[in-house]
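This is the structure I want to talk about, given as structure tokens.
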Amino acid sequence: MKNTVFNENLKVIIYIINLDTAIDRRKSVEKELKKTTIPYQFVSAVNKHTISNVNYEVKNKYKRPLIPAEIGCFLSHVKIKELFLKTDYDFAIILEDDIELLEDFDTQIKKVVNQFASLPLKKQWDVLKLPSQRRKKLYPIQPIDSNYSLYGGGVGITTMAAIWTRKGAQSFLNTVIKKNQRIIKMPIDCALQHPWEYGLNIYNIVPEIVEEKKFESQIRPTKRLKSNTFTRVIYEAKKTMPHFYYNLRAFFLKY
């Protein structure tokens with residue numbers, strides 16, 4: 001499919017994470033992709049039953065033990081960033097396979113990507129999340145047009161849809177991969193709630209340009225896993241001050 005959305009100096013691709021066995025999800029997202037002119041590529045997710053084929057190590061810093069599906073999901077996101085950096089694309093839109101593209105998807109992707117180079121260096125983002133984080137405290141950074149804006153501050157739990165720059169992908173991998181080992185400390189959605197650990201500046205586009213479709217979770221455990229109180233308190237306490245300073249920086253970026 002020819003890319004007719006972006007100016008000739010920019011190259012953008014969509015990567016979709018999809019388990020080979022998730023046929024219904026693939027069919028669903030293929031219908032959604034008909035709404036966009038951006039070229040796309042499906043990437044086979046790391047299956048929780050075959051993660052032993054990947055060179056990784058779990059150094060758990062989360063508030064409970066990680067389950068195989070969470071490890072597989074983390075490794076899938078690492079896989080896509082490695083794939084992206086082997087290309088000459090400038091931006092990668094990483095989608096999970098339970099998304100719906102809203103009406104303004106192509107238009108707003110075009111605007112935020114074309115706007116990127118003109119942003120002051122301190123306002124440039126590494127990751128732009130596409131679903132809005134309604135329950136997070138967000139601070140306006142930069143208008144995109146009269147209806148949409150870039151917001152900083154709170155990082156939502158979802159990894160459903162986001163745009164990554166090459167710089168952001170490289171910074172993430174530099175932190176995650178050590179001596180060819182993929183180091184997993186927590187689920188990928190929780191890891192990205194600690195952007196300071198990966199040298200990432202994560203923004204949100206508001207209002208949202210994607211929504212989640214309701215599928216049964218492929219990751220969430222069937223039985224709720226509980227963390228002990230001490231582990232949970234330590235986990236939350238360690239991110240309190242970094243989170244405060246990260247939000248404070250976002251607050252002052254608008255000035």
Side-chain angles (χ1 to χ4, degrees), residues 15 17 46 51 54-67 69-85 91-92 94 96 121-131 133 135-139 141 150-205 219 225 227 230-253:
Y15 293 112
I17 303 172
V46 177
I51 54 177
V54 184
N55 194 11
Y56 75 94
E57 181 180 0
V58 176
K59 295 184 177 180
N60 195 0
K61 302 293 183 183
Y62 194 43
K63 55 191 175 184
R64 59 161 174 77
L66 302 185
I67 62 174
E70 290 171 330
I71 296 171
C73 184
F74 192 102
L75 293 173
S76 298
H77 279 267
V78 172
K79 177 181 178 179
I80 281 189
K81 291 167 184 63
E82 291 179 297
L83 177 64
F84 168 42
L85 291 177
F91 298 87
I94 299 178
E96 295 181 345
L121 187 60
K122 68 177 183 178
K123 289 189 175 185
Q124 289 185 351
W125 42 269
D126 301 304
V127 183
L128 180 61
K129 291 206 167 189
L130 306 182
Q133 313 301 325
R135 291 181 290 179
K136 297 288 181 179
K137 178 61 176 176
L138 301 176
Y139 303 101
I141 303 293
L150 300 177
Y151 278 71
V155 179
I157 195 72
T158 180
T159 53
M160 178 173 60
I163 311 175
W164 284 73
T165 66
R166 296 186 68 85
K167 173 178 171 289
Q170 188 64 68
S171 181
F172 178 81
L173 292 182
N174 287 346
T175 305
V176 168
I177 301 178
K178 302 296 182 184
K179 297 181 180 179
N180 203 33
Q181 286 269 78
R182 287 126 186 91
I183 308 300
I184 305 171
K185 297 181 179 180
M186 59 189 71
I188 183 64
D189 49 0
C190 299
L192 294 179
Q193 288 188 298
H194 301 71
W196 52 86
E197 293 189 19
Y198 302 92
L200 296 175
N201 191 22
I202 299 180
Y203 287 174
N204 306 272
I205 183 171
I219 300 174
L225 299 176
S227 58
F230 177 77
T231 304
R232 186 167 60 249
V233 168
I234 293 298
Y235 173 80
E236 296 296 338
K238 282 185 175 180
K239 69 179 183 180
T240 298
M241 290 310 295
H243 187 260
F244 171 77
Y245 285 116
Y246 183 81
N247 283 354
L248 190 65
R249 178 183 180 275
F251 174 78
F252 283 109
L253 276 177

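As the structure is a prediction and not an experimental result, all values here were calculated from the model.
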Practice item. Just jot down the salt bridge (Lys or Arg N to Asp or Glu O under 4.0 Å) partners of Arg182, sequence neighbours excluded, or say none. Key: Glu82

Review point. Considering residues at least two apart in sequence or located in another chain, which fulfil the side chain to side chain contact (heavy atoms under 4.5 Å, CB included) criterion with Asn247?
Key: Tyr139, His243

Exercise for review: Report, as yes or no, whether the 6.0 Å neighbourhood of atom NZ on Lys61 holds more than 12 heavy atoms from other residues, nucleotides or ligands.
Suggested key: no

Point to revise | side chain to side chain contact (heavy atoms under 4.5 Å, CB included) partners of Leu85, counting only residues at least two apart | key: Arg166, Ala169, Gln170, Leu173

Practice item. Go through the structure and list residues passing ring-ring contact (aromatic ring centres under 6.0 Å, His included) with Tyr62, not counting sequence neighbours. Key: Tyr235

Review point. Is the shortest side-chain N to carboxylate O distance from Arg64 to Glu70 below 4.0 Å?
Key: yes

Check your understanding: Which residues satisfy the side chain to side chain contact (heavy atoms under 4.5 Å, CB included) test with Ile183, sequence neighbours excluded?
Key -> Glu57, Lys59, Lys178, Gln181, Lys185

Review point. Can you find a heavy atom in the side chain of Ile184 that is under 4.5 Å from one in the side chain of Leu75?
Key: yes

Exercise for review: Give the C-alpha distance, both sets of side-chain angles, the deciding distance and a yes or no for side chain to side chain contact (heavy atoms under 4.5 Å, CB included) between Val54 and Val46.
Suggested key: CA-CA 9 Å; Val54 184; Val46 177; 4.2 Å; yes

Check your understanding: Sequence neighbours excluded, which residues qualify as salt bridge (Lys or Arg N to Asp or Glu O under 4.0 Å) partners of Lys239?
Key -> Glu236

Exercise for review: List the atom of Leu66, the atom of Pro187, and the distance in Å for their closest heavy-atom pair.
Suggested key: CD2-CD, 3.4 Å

Practice item. List for me each residue that meets salt bridge (Lys or Arg N to Asp or Glu O under 4.0 Å) alongside Asp189, sequence neighbours excluded, and say none if there are none. Key: none

Study note, to complete from the structure: Residues passing the side-chain hydrogen bond (donor to acceptor under 3.5 Å, both in side chains) test with Lys167, sequence neighbours excluded, are Asp126

Study note, to complete from the structure: The reported gap from CG in Leu248 to CG in Leu253 (rounded to nearest 0.5 angstrom) is 10.0 Å

**Study point:** Minimum heavy-atom distance Gly152-Tyr203, with the two atoms named
**Key:** CA-CD2, 4.0 Å

Exercise for review: Mind listing the closest non-hydrogen atom pair of Ile141 and Ala250 along with its distance?
Suggested key: CD1-O, 3.4 Å

Review point. Do you know which two heavy atoms are closest between Lys129 and Thr158, and how far apart they sit?
Key: NZ-O, 2.6 Å

Revision key, fill the gap. In terms of heavy-atom contacts, Cys190 and His194 come closest through O-ND1, 2.8 Å

Check your understanding: Can Arg249 and Asn201 be said to form a side chain to side chain contact (heavy atoms under 4.5 Å, CB included), step by step?
Key -> CA-CA 10 Å; Arg249 178 183 180 275; Asn201 191 22; 3.3 Å; yes

Point to revise | Set of ring-ring contact (aromatic ring centres under 6.0 Å, His included) partners for Phe91, sequence neighbours left out | key: Phe116, Trp125

Exercise for review: Could you walk me through whether Ile94 and Thr159 pass side chain to side chain contact (heavy atoms under 4.5 Å, CB included), step by step?
Suggested key: CA-CA 8 Å; Ile94 299 178; Thr159 53; over 6 Å; no

Review point. Yes or no on side chain to side chain contact (heavy atoms under 4.5 Å, CB included) for Val176 and Phe74, after CA distance, side-chain angles and deciding distance?
Key: CA-CA 10 Å; Val176 168; Phe74 192 102; 3.8 Å; yes

Study note, to complete from the structure: One should read off an interatomic distance between Leu150 CG and Asn204 CG, to the nearest 0.5 angstrom, of 9.0 Å

Review point. Closest approach of Ala162 and Val127, non-hydrogen atoms and distance?
Key: CB-CG1, 3.9 Å

Exercise for review: Just jot down the ring-ring contact (aromatic ring centres under 6.0 Å, His included) partners of Tyr56, sequence neighbours excluded, or say none.
Suggested key: none

Review point. Residues in side-chain hydrogen bond (donor to acceptor under 3.5 Å, both in side chains) with Ser76, at least two apart?
Key: none

Review point. At what distance, to the nearest 0.5 angstrom, does CH2 of Trp164 lie from CZ of Phe84?
Key: 10.0 Å

Point to revise | With Tyr198 via ring-ring contact (aromatic ring centres under 6.0 Å, His included) - residues at least two apart | key: Phe172

